[in-house]
Amino acid sequence: MNIFRGIADFSHLAAIIILLHKIWKSRSCAGISGKSQILFAIVFTTRYLDLLTSFISLYNTSMKVIYISCSYATVYLIYMKFRATYDGNHDSFRVEFLVVPVGGLAVLINHDFALLEILWTFSIYLESVAILPQLFMISKTGEAETITTHYLFCLGLYRALYLFNWIWRFYFEGFFDMIAIVAGLVQTVLYCDFFYLYVTKVLKGKKLSLPA
Amino acid sequence: REFTYRHDEL
């Protein structure tokens, strides 16, 4: 594993833990899109079905299990335990507009027309756009808690670092996967606007708020 | 076809 991959995985883990911790500590999921979290739970579930078919390493298995469990725990906290604090009115992104086209694309453009392969492709495509309900919610309310922005930054950083990981793997291992690369690029681009706000506002100690 | 790298990356 190269350095980019390593930092990326821990950045991803940090994002997941930051979010869980924030909800647990504040006993509230205000400002968090439950829809994005459901999409991430679907992403992990459909991608890590390989837990049942192939063993890579203890690290690999543990991370996959942690990602899946944390994402389900987050969904549970939002929709069950702290449901009263869930801001459903502002979480109004129509997820069917993401899931249906992404599902169609996964069936049409994949490496192999097999169930597990299509589900893997679906999870890659879905992950690239799964954050949209959350970004939509922030644009709707015009602001985000600072801790939420740290979560988003770690999540965006993770995908940006995977791009470097793929460049590395292409040069040193001759490996590349066009589906993952294109989806990863799309995903990273979606965070660019947010990265800009994070650097110019949050890192200077200001709250992230958008002009009305 | 076998896609080992796929199971490796998270």
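Naming: A, B, ... by sequence-line order, numbering from 1 per chain.
The two residues B:Asp8 and A:Arg169 make their nearest non-hydrogen contact at OD2-NH1, 3.5 Å.
By the neighbour-count criterion of 12 heavy atoms within 6.0 Å, atom CZ of A:Phe55 is densely surrounded, having more than that number from other residues, nucleotides or ligands. A 6.0 Å sphere centred on CD1 of A:Ile3 holds no more than 12 heavy atoms belonging to other residues, nucleotides or ligands. Surrounding CZ of A:Phe164 are at most 12 heavy atoms belonging to other residues, nucleotides or ligands under 6.0 Å away. With a 6.0 Å radius and a threshold of 12 heavy atoms from other residues, nucleotides or ligands, A:Arg27 has its CZ atom above the threshold.
With contacts defined as side-chain heavy-atom distances shorter than 4.5 Å, the pair A:Arg47/B:Leu10 does not qualify.
Counting heavy-atom pairs under 4.5 Å between each of A:Lys64, A:Met63, A:Met1 and chain B puts A:Lys64 at the top.
Distance CZ/B:Arg6 to CD1/A:Ile56: 12.0 Å, rounded to 0.5 Å. A:Asp9 CG to B:Glu9 CD: the interatomic distance, rounded to the nearest 0.5 Å, is 8.5 Å.
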What donor-acceptor contacts under 3.5 angstrom involve side-chain atoms of residues 179-196 of chain A, with partners at least two apart or in another chain?
from, atom 1, to, atom 2, distance (Å)
A:Gln187, OE1, A:Arg159, NE, 3.1
A:Gln187, NE2, A:Glu127, OE2, 3.4
A:Thr188, OG1, A:Gly184, O, 2.7

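Residue contact with chain B, scored on non-hydrogen atoms closer than 4.5 Å, is absent for A:Phe44. Heavy atoms closer than 4.5 Å to chain B are found in the side chain of A:Tyr59, but not in its backbone.
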